[in-house]
2 protein chains.
Amino acid sequence: MSDLLQRLRGRGWRVTSQRRVVAEVLDGDHVHLTADEVHARAAQRLPEISRATVYNTLGELVALGEVIEVSTDGRAKRYDPNAHRPHQHLVCSGCGAIRDVHPTGDPLADLPSKERFGFTVSQAEVTYRGLCPSCA
Amino acid sequence: MSDLLQRLRGRGWRVTSQRRVVAEVLDGDHVHLTADEVHARAAQRLPEISRATVYNTLGELVALGEVIEVSTDGRAKRYDPNAHRPHQHLVCSGCGAIRDVHPTGDPLADLPSKERFGFTVSQAEVTYRGLCPSCA
DNA sequence: TCTTGACCTGGACTCTGTCCATCGTAGGAT
DNA sequence: ATCCTACGATGGACAGAGTCCAGGTCAAGA
């Protein structure tokens with residue numbers, strides 16, 4: 001994601017210190033942080049950054065397709081910086097840990113047209129659930 | 001779901017008017033209501049029913065496996081009374097409409113053990129997204 | 001009918017996210 | 001290098017979804 005800021009600048013994004021810090025936080029560990037976690041980590045480097053800015057910036061990154069929004073539990077949305085490699089998610093029902101996984105096959109192909117009810121289906125998200133080694 | 005109350009009584013559930021009304025609301029149209037929608041419909045029959053009771057009852061029905069919790073948009077959770085027939089969901093990105101669908105194949109089989117990271121994987125939820133005929 | 005513990009109520013509270021008026025500043029123009 | 005200005009940041013109020021709790025109520029067995 002090191003060239004992310006370049007790409008965004010090319011799209012007319014004004015690069016501010018706040019946006020840079022948010023991008024750096026996402027670029028750090030490849031984990032799935034909530035907006036408030038992103039805010040907390042960003043605030044370590046830029047103490048005055050506001051929650052609203054973090055929410056705005058994350059929303060823009062999602063709209064630009066640089067980050068994926070994941071909501072696996074109906075609680076806070078999580079933000080996945082791994083947007084350029086298609087993948088699905090494996091979630092621990094015990095502790096909530098999330099891993100990126102790469103199933104074989106294409107779930108879209110498994111939905112017959114009779115089951116599409118006239119919808120233009122464009123995407124299939126799969127959430128695998130189970131227990132991680134520590135919780136089992 | 002007509003025998004739902006019988007099954008629940010058999011499991012030691014105390015059948016109250018509130019629980020009966022919530023079960024009847026879910027049994028009505030086979031749509032995917034939010035908790036507040038369930039509360040609104042329940043309140044038409046039993047005006048004093050409280051939100052807390054609706055939340056509690058829905059949570060109990062989910063824990064007992066009689067109802068499935070669906071969160072397709074990171075907003076309010078929705079409750080799906082069609083718990084006894086395995087299915088997935090097709091969501092309209094425009095208006096949020098939800099349909100039950102029955103894909104072929106088993107997504108669990110598409111997750112190789114190398115991609116399981118030691119998890120005991122028990123379930124795969126698929127959310128298909130696209131545009132419904134009216135929104136397209 | 002009585003008793004009792006499970007259940008219900010309403011309101012306060014938390015968490016997540018959005019909105020808005022105002023202030024600040026990135027970056028092009030000079 | 002400096003100035004301008006529109007875009008972005010701020011923070012506090014607000015809203016929606018859900019949880020918690022103390023106290024009152026009632027289903028169902030004795």
Side-chain angles (χ1 to χ4, degrees), chain A residues 4-25 32-64 66-80 96, chain B residues 4-25 32-43 45-64 67-80 96:
Chain A
L4 169 60
L5 291 174
Q6 295 310 319
R7 285 206 300 283
L8 296 177
R9 203 190 299 265
R11 298 210 209 186
W13 235 41
R14 182 178 288 184
V15 175
T16 65
S17 54
Q18 291 85 354
R19 287 173 168 181
R20 191 181 354 261
V21 166
V22 169
E24 286 171 4
V25 166
H32 303 77
L33 300 173
T34 65
D36 272 341
E37 286 165 353
V38 171
H39 178 239
R41 297 196 182 197
Q44 290 174 359
R45 308 189 194 190
L46 193 63
E48 327 74 30
I49 191 171
S50 70
R51 279 193 340 126
T53 296
V54 171
Y55 275 100
N56 288 339
T57 303
L58 289 171
E60 288 155 6
L61 289 169
V62 169
L64 292 171
E66 297 289 347
V67 163
I68 292 172
E69 215 172 59
V70 182
S71 57
T72 53
D73 62 349
R75 313 271 314 164
K77 291 173 192 162
R78 294 181 172 273
Y79 293 87
D80 182 347
Chain B
L4 169 62
L5 292 174
Q6 295 310 318
R7 284 207 301 282
L8 296 177
R9 203 190 300 267
R11 297 210 210 186
W13 235 40
R14 180 178 289 187
V15 175
T16 66
S17 53
Q18 291 84 355
R19 287 173 169 181
R20 189 180 356 257
V21 165
V22 169
E24 285 169 4
V25 166
H32 303 78
L33 300 173
T34 64
D36 273 342
E37 286 164 355
V38 172
H39 178 240
R41 297 195 181 198
R45 308 190 192 189
L46 192 65
E48 326 75 29
I49 192 172
S50 71
R51 280 193 340 126
T53 296
V54 171
Y55 275 99
N56 287 340
T57 304
L58 289 171
E60 288 156 5
L61 288 170
V62 169
L64 291 171
V67 163
I68 291 173
E69 216 171 56
V70 182
S71 57
T72 53
D73 63 349
R75 314 272 311 165
K77 290 175 193 164
R78 295 181 171 274
Y79 293 88
D80 183 347

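Residue numbering restarts at 1 for every chain, and letters A, B, ... go by the order of the sequence lines.
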Query raised in the report: Between D/dG8, C/dT9, C/dT16, which nucleotide has the shortest distance from any of its atoms to the side chain of A/Arg19?
Result: D/dG8
Query raised in the report: Which one, C/dG10, C/dG17, D/dA9, comes nearest to the side chain of A/Lys77?
Result: C/dG17
Query raised in the report: Would you say A/Arg19's side chain and A/Arg14's backbone share a donor-acceptor pair under 3.5 angstrom?
Result: yes
Query raised in the report: Of all the choices, C/dG10, D/dA9, C/dT16, which nucleotide is nearest to the side chain of B/Ser50 once you look at every atom?
Result: C/dG10
Query raised in the report: Are any side-chain N or O atoms of A/His39 and backbone N or O atoms of A/Thr53, one a donor and one an acceptor, separated by less than 3.5 Å?
Result: no
Report summary line: A/Tyr55 atom OH is separated from D/dG11 atom P, nearest whole Å, by 16 Å
Query raised in the report: What nucleic acid atoms does A/Arg9 come within less than 4.0 Å of, heavy atoms only: base, sugar-phosphate, or nothing?
Result: sugar-phosphate
Query raised in the report: When you measure from the side chain of A/Ala35, which nucleotide among C/dC19, D/dA27, C/dG17 comes out closest?
Result: C/dG17
Query raised in the report: Does OP1 or OP2 of C/dG24 have a side-chain N or O of A/Gln18 closer than 4.0 Å?
Result: no
Report task. Inspect the contact between A/Glu66 and A/Arg11 and indicate whether a charged nitrogen and a carboxylate oxygen are less than 4.0 angstrom apart. Result -> yes
Query raised in the report: D/dA28 base to B/Arg14 side chain: any donor-acceptor pair below 3.5 Å?
Result: no
Query - hbond_proxy A/Arg51 side chain to D/dG11 base (donor-acceptor, 3.5 Å cutoff) - result: no
